[in-house]
S.K.: 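Starting off with a structure, shown below.
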Amino acid sequence: MDNSDVSKALYEIADYLELQGVAFKPQAYRKAARNIEMLPGEIADLLNEDRLGEIPGVGKAIADKITELMKTGHLEYLEELRAKIPQGVIDLLSIPEIGPKTAMVLYRQLGIEDVDSLKKAIFEHRLSGLKGFGVKTEERILRGIRVFESRGGRIMLGNAFHSANKLIDYLRSKHADATVSVAGSLRRMKETIGDIDILVATSKPGEIMESFVSYDSVEDILAQGDTKSSVRLINGIQVDLRAVLESSYGAALQYFTGSKEHNVELRKLAISKEMKISEYGLFDRVSDELVAGADEAEVYDSLGLQYIPPELRENRGEIEVAMKRELPMLIEYDDLLGDLHCHTEWSDASGTIEEILRKASEHGYEYVGITDHSKSLRIARGLSEERLRKQIDVIHSLREETGGPFLLAGSEVDVLEDGKLDYPNEILEQLDYAIMSIHSKFNLDERSMTERIVTAMSNDVVKIFAHPTGRIIGQRLPYTFDLEKVIESAIDQDVALEINSFPERLDLNDTNVRRAVDAGAKIAIGSDAHDPSQLAYTRFGIATARRGWAKKSDVMNTLPLDTLRKMWGI
DNA sequence: GCCGTTTTCGGCCCGACTGTTTTCAGTCG
């Protein structure tokens, strides 16, 4: 019974209460559930120390329920709720267009408890017989089911980024006088995106909406109004477009960037200052006068806050810190001076060392490290000792003849089950540095895995621990190990923890970056490029660093080459 | 059910779009 089991139960309670039409309690349970999800430590420890009440949103009633659940593995209150309404009705809530009211009508009047029976009922036109339901409603719900079935989860940041930029370019090309910007979770650079939000400032909203819904890749128009339209693209991604006047562009950008939780806090803050905030601006509550609207930074300033970068807007304490004007100076998107994690055709990637070098030069880097796979990783054509020696020679000779970024000879070395590295030390010592990573034996118990990692870190040639948790978004959970101990060891042994910039990895993730940085560990942002074009992936790694509150000084490869070599022995 | 720089009680974010309504409810973000 861990943090996520507890928050899952609380979310379930919230859903049931919402179905029953209970007011306010659902929000209370969800708030508690969210805060437990974000808890840095184990909720079991808080329970043992009788400190559950310290979790924001957890009062006596919820604390009692958590206690019962954790001590007995059973929660009577939840069981009672489950007995009243079948669980399938809750699943209906994840279909767009179906909220609690609709779900309950479908269940009570037609006995619908799952998506399939809902589809059947629609095809038999049984919904249109219900009070308040017409043919259009049936069609709308059917569209919702299609969206639900096609999305199969959230989209990776890298994919959404690409789709959004293409669409934004299209809108800009057709409406040169309009201001077009991405908003929503994409602007916050969250690792996965639910849908794409785009904001336009224009005096002619109708024309923008017309262009938007007639975009080539639009499959289905879900809604079309003067200020707001929604479409589904052929790749299944939903895009919402909002249009506002220039005078409220800043407030709208703030509003549509979210997160929802951040905005809720901001509105409460506005109320406490006798103001109100909406997508049209920040207004004086009494006189209704506009306080700020055209400029996003002004909205924050007028609320007495330091400007909060989009990546921090998750209601994870940023508002309180901004109030004290103590937000960190986050690493910027052009702060990297090199990339220390790149693959070539020597192992499992495409592209030559020379091509990587050229790309690194285009990125304006001072240095770039070649780190192909080590010998045990046969599936990735890991380099034998002999080939690695040869590659080091090639790198040394290329280093002599080219200008441009300085070429470093590295290796992404597998950590074997016992914590030893995949090459003997006499070869490793010829490298400028090694990256350690785990690509096998993911199923060790927590103690063995932690021991394995800490042992590998103690090797002096190791400077970076790549994709430290091993998770792959939507495919593989992190392996089990003690992250706190690994962070400690990384600090002791002068090993940087990587943010792997590959869209499906982004590992460390934002919250773990924050833990590492808070503890004083150093971060390395690597592209893990398997094609020269993928050097550009570091954009997503930097975004993740920013979401983890990392400063430039926390990141190893923002250092100039000579400092990097001196400080890190590379 | 939680919470308190007006509060231990009375609040709890705000507006657009759609459909079926003839003044509004439901859903979404």
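These figures come from a predicted structure and were not determined experimentally. The chains referred to below are lettered A, B, ... by the order of the sequence lines, with proteins before strands, and numbering in each begins at 1.
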S.K.: Over how many whole Å does the gap from A:Phe283 atom CZ to B:dC14 atom P extend?
M.R.: 13 Å
S.K.: Determine the contact category for A:Leu266: base if any of its heavy atoms lies under 4.0 Å from a base atom, sugar-phosphate if only primed atoms, P, OP1 or OP2 are that close, otherwise nothing.
M.R.: nothing
S.K.: Of the nucleotides B:dT20, B:dG1, B:dG15, which has the atom closest to the A:Lys228 side chain?
M.R.: B:dG15
S.K.: Does a side-chain N or O from A:Thr227 land closer than 4.0 Å to OP1 or OP2 of B:dC17, or not?
M.R.: yes
S.K.: Say whether A:Asn512 and A:Thr469, considering side chains only, have a donor N or O and an acceptor N or O under 3.5 Å apart.
M.R.: no
S.K.: Taking only the side-chain heavy atoms of A:Lys25 (C-beta and beyond), determine which of B:dG1, B:dG19, B:dC17 contains the nearest atom.
M.R.: B:dG1
S.K.: Would you please confirm or rule out a distance under 4.0 Å between OP1 or OP2 of B:dC17 and any side-chain N or O of A:Ser230?
M.R.: no
S.K.: Return the nucleotide paired to B:dT8: Watson-Crick means purine N1 to pyrimidine N3 with N6-O4 or O6-N4, wobble means G-U with N1-O2 and O6-N3, both under 3.5 Å.
M.R.: none
S.K.: Rounded to whole angstroms, how far apart are CG on A:Leu130 and C1' on B:dT20?
M.R.: 14 Å
S.K.: Determine the contact category for A:Ser229: base if any of its heavy atoms lies under 4.0 Å from a base atom, sugar-phosphate if only primed atoms, P, OP1 or OP2 are that close, otherwise nothing.
M.R.: nothing
S.K.: What interatomic distance, in whole Å, is found between C1' of B:dG1 and the corresponding atom of B:dT6?
M.R.: 23 Å
S.K.: For the pair A:Asp15 and A:Arg30, find out whether any cationic side-chain nitrogen is under 4.0 Å from an anionic carboxylate oxygen.
M.R.: yes
S.K.: Could you tell me whether A:Asn263 contacts a base, only the sugar-phosphate backbone, or nothing, with contacts defined as non-hydrogen atoms closer than 4.0 Å?
M.R.: nothing
S.K.: Can you figure out which of B:dG19, B:dG29, B:dG26 approaches the side chain of A:Lys101 most closely?
M.R.: B:dG26
S.K.: Quick check for you: among B:dG29, B:dG1, B:dG19, whose closest atom lies nearest to any side-chain atom of A:Ala61?
M.R.: B:dG1
S.K.: Between B:dG29, B:dC28, B:dC14, spot the one nearest the side chain of A:Ile271, thanks.
M.R.: B:dC14
S.K.: Are OP1 or OP2 of B:dG1 and a side-chain N or O of A:Lys65 less than 4.0 angstrom apart?
M.R.: yes
S.K.: Specify the separation, in whole Å, of atom CG of A:Leu199 and atom P of B:dA16.
M.R.: 14 Å
S.K.: Take the protein atom CE of A:Met104 and the nucleotide atom P of B:dT27, then report the distance between them rounded to whole Å.
M.R.: 12 Å
S.K.: Base, sugar-phosphate, or nothing: which does A:Val244 touch, judged by heavy atoms less than 4.0 Å apart?
M.R.: nothing
S.K.: How far, in whole Å, is B:dG29 from B:dT23 if one measures between their C1' atoms?
M.R.: 25 Å
S.K.: So what does A:Gln224 hit on the nucleic acid, given a heavy-atom distance under 4.0 Å: a base, only sugar-phosphate, or nothing?
M.R.: sugar-phosphate
S.K.: Starting the side chain at C-beta, find the nucleotide from B:dC14, B:dG29, B:dA16 nearest to A:Tyr280.
M.R.: B:dA16
S.K.: B:dA16 and B:dG10: how far apart are their P atoms, nearest whole angstrom?
M.R.: 32 Å
S.K.: Using a cut-off of 4.0 Å on non-hydrogen atoms, how would the nucleic acid contact of A:Pro100 be classed: base, sugar-phosphate, or nothing?
M.R.: sugar-phosphate
S.K.: When the P atoms of B:dT20 and B:dG15 are compared, how many Å lie between them, rounded to an integer?
M.R.: 26 Å
S.K.: Using the side-chain heavy atoms of A:Ala223, tell me which of these nucleotides is nearest: B:dG29, B:dT18, B:dC12.
M.R.: B:dT18
S.K.: Could one point to a donor on the side chain of A:Tyr255 or the base of B:dG15 with an acceptor on the other under 3.5 Å away?
M.R.: no
S.K.: Any side-chain N or O of A:Lys31 less than 4.0 Å from the OP1 or OP2 oxygen of B:dC3?
M.R.: no
S.K.: Scan side-chain atoms only and decide if A:Asn263 and A:Gln254 contain a donor-acceptor pair under the 3.5 Å cut-off.
M.R.: yes
S.K.: When you check the side-chain N and O atoms of A:Ser211 and A:His175, is any donor under 3.5 Å from an acceptor?
M.R.: yes
S.K.: Of all the nucleotides listed (B:dG19, B:dC28, B:dG29), which has the minimum atom distance to the side chain of A:Lys260?
M.R.: B:dG29
S.K.: What integer number of Å spans the C1' atoms of B:dT7 and B:dC12?
M.R.: 13 Å
S.K.: Using a 3.5 Å distance criterion without hydrogens, assess whether the side chain of A:Glu504 forms a donor-acceptor pair with backbone atoms of A:Ile473.
M.R.: no
S.K.: Would you mind classifying the nucleic acid contact of A:Arg34 as base, sugar-phosphate or nothing, using non-hydrogen atoms under 4.0 angstrom?
M.R.: nothing
S.K.: Using the side-chain heavy atoms of A:Gln238, tell me which of these nucleotides is nearest: B:dG1, B:dG29, B:dT27.
M.R.: B:dG29
S.K.: Considering just the side-chain nitrogens and oxygens of A:Arg30, establish if one lies under 4.0 Å of OP1 or OP2 belonging to B:dC2.
M.R.: no
S.K.: Between A:Thr544 and A:Glu191, do the side chains contain an N or O donor and an N or O acceptor separated by less than 3.5 Å?
M.R.: no
S.K.: Which of the following nucleotides, B:dC12, B:dG29, B:dC2, is nearest to the side chain of A:Ala28?
M.R.: B:dC2
S.K.: Given A:Ser259 and A:Glu314, is the side-chain contact (heavy atoms from CB on, under 4.5 Å) satisfied, shown in steps?
M.R.: CA-CA 6 Å; A:Ser259 65; A:Glu314 298 291 346; 3.8 Å; yes
S.K.: Both A:Phe133 and A:Arg285 contact DNA chain B. Which one's nearest nucleotide lies toward the 5' end?
M.R.: A:Arg285
S.K.: Quick check: do A:Val555 and A:Ile542 have side-chain heavy atoms less than 4.5 Å from each other?
M.R.: no
S.K.: Both A:Ala63 and A:Asp240 contact DNA chain B. Which one's nearest nucleotide lies toward the 5' end?
M.R.: A:Ala63
